[in-house]
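Report on the following structure.
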There are 2 protein chains.
Amino acid sequence: MAGKGLTKLQRQEALMQELKINPFRTDQELARKFGVSVQTIRLDRLSLGIPELRKRMHSVATQAYEKVRSLAESEVVGSLIDLELGVRGISLMRIEPEMVLAKTKIARGHYLFAQANSLAVAIIDAEVVLTGSARVRFKRPVYVGEEVIAKGVVKMQKGRNFLVSVYSRVEADTVFKGQYVVSVQDESMPREAMHA
Amino acid sequence: MAGKGLTKLQRQEALMQELKINPFRTDQELARKFGVSVQTIRLDRLSLGIPELRKRMHSVATQAYEKVRSLAESEVVGSLIDLELGVRGISLMRIEPEMVLAKTKIARGHYLFAQANSLAVAIIDAEVVLTGSARVRFKRPVYVGEEVIAKGVVKMQKGRNFLVSVYSRVEADTVFKGQYVVSVQDESMPREAMHA
DNA sequence: CTGGTAATAAGAGGAGGTTTTAATTAAAGG
DNA sequence: CCTTTAATTAAAACCTCCTCTTATTACCAG
């Protein structure tokens, strides 16, 4: 097995690391892996404040459950922090680790697109609003941890189509610009409609 | 307490329903909820083939873990089913329930955008490729369960910028068109770069 | 009354722990 | 060499949520 002949400190660090990667391990497995007794592992967990397998599973399960839920159920990407229906709106989105490319830590463009798109849709005051087309420009990369503030303004209305202009900034930098054409749908959902 | 005076069948259905909504319930809680003994709940689970709490937790935990993981780690939205580096590529994406608007079951536009965007980026043969700008058009809504096939072709190259054109279809219908300008980045990552 | 179908109960055992108390071992200091 | 200390291991009791098996009881229908 790996990692024999470690100091206590090294073992404890390795233990934390191991449980971060794979939280579903019993003390027994860990004991075997580190070549120490089960009790030692328990002492380590105790001094590191790491709960038992079942509690770890429970928290992973509920958290991940929530996360998948919220990913699934949030219709809006980013959080609306200001909204004047039919006129303008502001949305805030924090770049989380899962939004970035591993190599560069740069946010993938579609998150910025999504934030702006859902802002544009949210501003329009109707039951069903779909995106028809968009022109977007990415001005500079956005990195993990940065907060993107998107401001959207309705520029024009032609019948059931609206032109919404969105500017996204990180502090003083403009990072994204987009023009979205969105349209209000009938209740009777025609199939030749447009997109959400 | 809810649900006393139910028949066995009704109770078992209610039980399944309950565990679908909240898988983290002990037999005891369930017994109290349905006003029967713990053993009855166990018999019900047995006959319904529902595993015990710990196994339910374990499966939810690992599945959700995988899901969050894969959401985080898949750099590509959709799966590349054909790729000729620097020339063209094809990507397939199935519309899953979590991709659609609850009300209309129409896929949110940014998924189509993301599929096309990551296809465009994947076609370009370089370490780091970021999206500079895009023009997209949503031709018709896409619904849950539909499979979107995106075809991307490099139309032009000017220095380190590429114009990639992407058409997405569901069977015979064109559902999406996009023109992406993507650019290859230096290893020395200049800050005034563009977007992923 | 007598079956069959619930439902409940009772007992033993296992997995994966917790807590507490005690014993062993190894290295280190005087 | 002897003693102290830190690190480790062990042992005994108890906990929660189960499983699996073997009764016992309650009813409703034929």
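A note on names: the letters A, B, ... follow the listed sequences, proteins ahead of strands, and every chain is numbered from 1.
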Margin query: Distance check needed: D:dC17 P versus B:L19 CG, whole Å only.
Written below: 15 Å
Margin query: By the 4.0 Å heavy-atom rule, please label A:V36 as base, sugar-phosphate, or nothing.
Written below: sugar-phosphate
Next item on the list: Measure from CE on A:M57 to C1' on D:dT16 and round the result to the nearest Å.
Entry: 13 Å
Margin query: What verdict does the side-chain contact (heavy atoms from CB on, under 4.5 Å) test give for B:I106 and B:V100, after you've listed the backbone C-alpha separation in whole Å, the side-chain angles of each residue and the deciding distance to 0.1 Å?
Written below: CA-CA 5 Å; B:I106 293 174; B:V100 304; 5.8 Å; no
Check: D:dC18 base to B:R54 side chain: any donor-acceptor pair below 3.5 Å?
Finding: no
Notebook entry, point to check: Whole Å only: how far is the CD atom of A:Q10 from the P atom of D:dA7?
Noted result: 13 Å
Check: Taking the side chain of B:T26 as heavy atoms from C-beta outward, which of D:dT8, D:dT9, D:dC17 is closest to it?
Finding: D:dC17
Checklist line | Distance, rounded to the nearest Å, where A:H58 contributes NE2 and D:dC17 contributes C1' | finding: 13 Å
Margin query: So if I take residues 40-53 of chain A and measure heavy-atom distances to DNA chain C, which residues fall below 4.0 Å?
Written below: A:R42, A:R45, A:E52, A:L53
Check: Between B:F113 and A:F138, what is the ring plane arrangement, given parallel below 30°, perpendicular above 60°, and tilted in between?
Finding: tilted
Margin query: From CZ of B:F24 over to C1' of D:dC18, roughly how many Å is that when rounded to an integer?
Written below: 17 Å
Next item on the list: Could you check A:I50 against A:L15 for side-chain contact (heavy atoms from CB on, under 4.5 Å), going step by step and ending with a plain yes or no?
Entry: CA-CA 10 Å; A:I50 297 172; A:L15 203 160; 4.1 Å; yes
Next item on the list: Grab the CZ-C1' distance between B:R56 and D:dT16 for me, whole Å please.
Entry: 14 Å
Item checked: Whole angstrom value for the distance that separates C1' of D:dT8 from CZ of A:F34 -> 16 Å
Check: Of A:V87, A:D125, A:I124, which is the lone residue that meets side-chain contact (heavy atoms from CB on, under 4.5 Å) with A:V154?
Finding: A:I124
Notebook entry, point to check: How close or far is atom P of D:dT22 from atom CD of B:Q39, stated in whole angstroms?
Noted result: 16 Å
